[in-house]
Amino acid sequence: MLAINEKHIRTHFLNASKKERTELTLPEGLDAVDWDSLDYFGWRDPRISKRAYAFIPLESGEVVGVLFRQQTPPPNPQLCGWCHDVRMRNEVVFCSAKRSGPSGRNGNSVGVYVCQDFQCSLNVREDPPLPYDGFDQDAARTRRIDGLVERIRGFAANL
Ligand SMILES: [Zn+2]
């Protein structure tokens with residue numbers, strides 16, 4: 001994805017109030033992020049409990065931000081709704097996002113189970129063991145990345 005900076009972060013949210021955009025804490029090491037290896041960029045606010053953010057590139061190329069409220073991990077492990085990683089090596093939490101515009105101001109939100117630290121891009125790139133000889137790892141990886149991109153775009157478009 002394209003690199004984003006602090007100014008972009010504070011001005012491109014779909015569903016955050018001015019107060020929320022001002023009070024957010026930037027992730028550590030924003031200058032050192034390997035953007036090429038990410039399909040979207042998310043982090044948990046280190047100072048505000050249960051607050052998290054994700055920046056998602058739309059089909060138009062624009063990168064938009066979503067503010068989430070993260071809940072505690074569910075009693076039963078859930079599949080991440082974005083990367084669908086069946087190995088489930090990280091916690092998956094329920095996140096809710098206020099809808100954008102008037103609908104959100106009326107209290108409507110959208111929920112999704114998602115990797116707690118937004119590890120989806122890593123999960124879709126790491127290859128599982130070969131299921132059988134001759135299995136096409138590259139094609140499978142491309143399919144996982146495409147699926148993730150489609151799902152995060154769909155989520156942002158429906159907000
Ligand atoms: Zn995930």
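Values reported hereafter were calculated over all heavy atoms of this structure, with side chains retained and with hydrogens, waters and symmetry mates removed. When a ligand or atom number is given, it counts from 1 through the structure's own listing order.
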If we ignore angles and hydrogens, is there a donor and acceptor under 3.5 Å between the side chains of Arg99 and Asn15?
no

Taking only residues two or more places apart in sequence or in another chain, which ones pass side chain to side chain donor-acceptor pair (under 3.5 Å) with Ser17?
Glu20

Taking the six-membered ring for Trp, are Tyr113 and Phe155 ring centroids under 6.0 Å apart?
no

Is the Tyr40 ring parallel, tilted or perpendicular to the Phe118 ring (thresholds 30°, 60°)?
perpendicular

Where Asp45 and Thr25 come nearest, the two heavy atoms and their spacing:
OD2-N, 3.0 Å

Counting no waters, what protein N/O/S atoms lie under 2.8 Å from the Zn ion (ligand 1)?
Cys80 SG, Cys83 SG, Cys115 SG, Cys120 SG

Cut-off 3.5 Å, side chains only: do Asn123 and Asn90 have a donor facing an acceptor?
yes

